[in-house]
Amino acid sequence: MPGKAIPKINWLELLSFDKFVHAGIFFVEQIFLIRALISLSDETFIKKNYKWISVLFCVSYGGSLEIMQYYVFSERSGDILDFIANSTGCLAGLFLFNRLAKKIKWLV
C-alpha cells in the first residue's frame, strides 16, 4: 500500500469543542446508566456486573450512533473521532462514579 493511501488522522481534532460535547454527553449518560442499573435491578448478576454492563451498553450505543450517521442518515456523517470521544466520556463517567462510590456509600 503506498504511503499516500494511508488515511491520516489529526489527533488535535480530539481537542475541538465538538469532541468535548460528545464526551460530556456520554459522561452523563454513563453515570445515569450506572445509577439506574444499581437502583432498579433486583438481579444479583446485574448488581455484581453493573460496571461492565454499563460500559458495554454505553460504548455500543455510541458506536451504533456513529455507524447509523455514516450509513443511514442524510445530512449527518459518522466519525471515528466522535466514537473515541463518546467512549472516553463513558470511561470517564465510570471512573468518576467509582471514585464517588468509595466516598458516598449510598450511591452503590
Side-chain angles (χ1 to χ4, degrees):
M1 171 183 261
K4 293 179 184 177
I6 298 174
K8 294 182 181 176
I9 296 177
N10 184 359
W11 292 103
L12 290 177
E13 288 181 22
L14 281 174
L15 300 177
S16 70
F17 180 73
D18 175 57
K19 304 308 179 239
F20 284 109
V21 170
H22 277 267
I25 289 170
F26 279 83
F27 175 84
V28 172
E29 176 192 4
Q30 178 72 355
I31 290 174
F32 284 160
L33 181 60
I34 290 173
R35 189 66 189 120
L37 284 173
I38 291 171
S39 65
L40 297 177
S41 175
D42 291 332
E43 294 185 36
T44 56
F45 174 78
I46 293 176
K47 286 201 182 251
K48 287 182 181 178
N49 298 305
Y50 68 88
K51 295 175 187 177
W52 303 115
I53 293 169
S54 64
V55 168
L56 179 66
F57 177 82
C58 195
V59 171
S60 299
Y61 179 66
S64 64
L65 281 178
E66 294 304 320
I67 290 170
M68 286 188 299
Q69 285 180 10
Y70 187 80
Y71 289 110
V72 177
F73 302 124
S74 59
E75 309 280 329
R76 299 298 307 244
S77 62
D79 186 8
I80 188 71
L81 296 179
D82 286 349
F83 173 70
I84 292 170
N86 296 347
S87 300
T88 302
C90 291
L91 295 175
L94 176 65
F95 176 76
L96 178 69
F97 190 88
N98 286 336
R99 298 277 305 217
L100 289 176
K102 290 178 184 176
K103 295 180 181 187
I104 306 170
K105 296 298 180 192
W106 59 265
L107 281 177
V108 184

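Owing to the predicted nature of the structure, the values given are computational and were not obtained by experimental measurement. By convention here, the first residue in the shown sequence is residue 1.
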Without placing hydrogens or testing angles, list every side-chain donor-acceptor pair under 3.5 Å for residues 62-70, not counting sequence neighbours.
residue : atom : partner : partner atom : Å
S64     : OG   : S60     : O            : 3.2
S64     : OG   : Y61     : O            : 2.9
E66     : OE1  : D79     : N            : 3.0

Scan the side chains in residues 30-37 for donor-acceptor partners under 3.5 Å anywhere in the protein, sequence neighbours excluded, and list what turns up.
residue : atom : partner : partner atom : Å
Q30     : NE2  : S54     : OG           : 3.1
R35     : NH1  : L107    : O            : 2.8

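By the side-chain contact (heavy atoms from CB on, under 4.5 Å) test, S87 is found to be paired with V59, F83, residues two or more places apart in sequence or in another chain being considered. Residues passing the side-chain contact (heavy atoms from CB on, under 4.5 Å) test with A101 are F97, V108, sequence neighbours excluded.
Taking the side chain as every heavy atom from C-beta outward, F27 and L96 approach each other to under 4.5 Å.
Connection of I104 to I38 is established within a shared hydrophobic cluster, with ILVMFWY side chains joined at heavy-atom distances below 4.5 Å, either directly or through further cluster members. Following chains of ILVMFWY side-chain contacts shorter than 4.5 Å, one cannot reach F95 starting from V28, and the two form parts of different hydrophobic clusters. Cluster membership check: Y50 does not share its hydrophobic cluster with L56, using side-chain heavy-atom separations under 4.5 Å among Ile, Leu, Val, Met, Phe, Trp and Tyr.
Annotation: disulfide (SG to SG under 2.5 Å) contacts involving residues 78-108, sequence neighbours excluded, comprise C58-C90. Residue pairs meeting the disulfide (SG to SG under 2.5 Å) criterion with at least one partner in residues 17-49, sequence neighbours excluded, are absent.
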* **Verdict with reasoning, F17 to H22, per side chain to side chain contact (heavy atoms under 4.5 Å, CB included)** => CA-CA 9 Å; F17 180 73; H22 277 267; over 6 Å; no
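For the atom pair NZ (K19) and CG (N86), the distance works out to 9.0 Å, reported to the nearest 0.5 Å.
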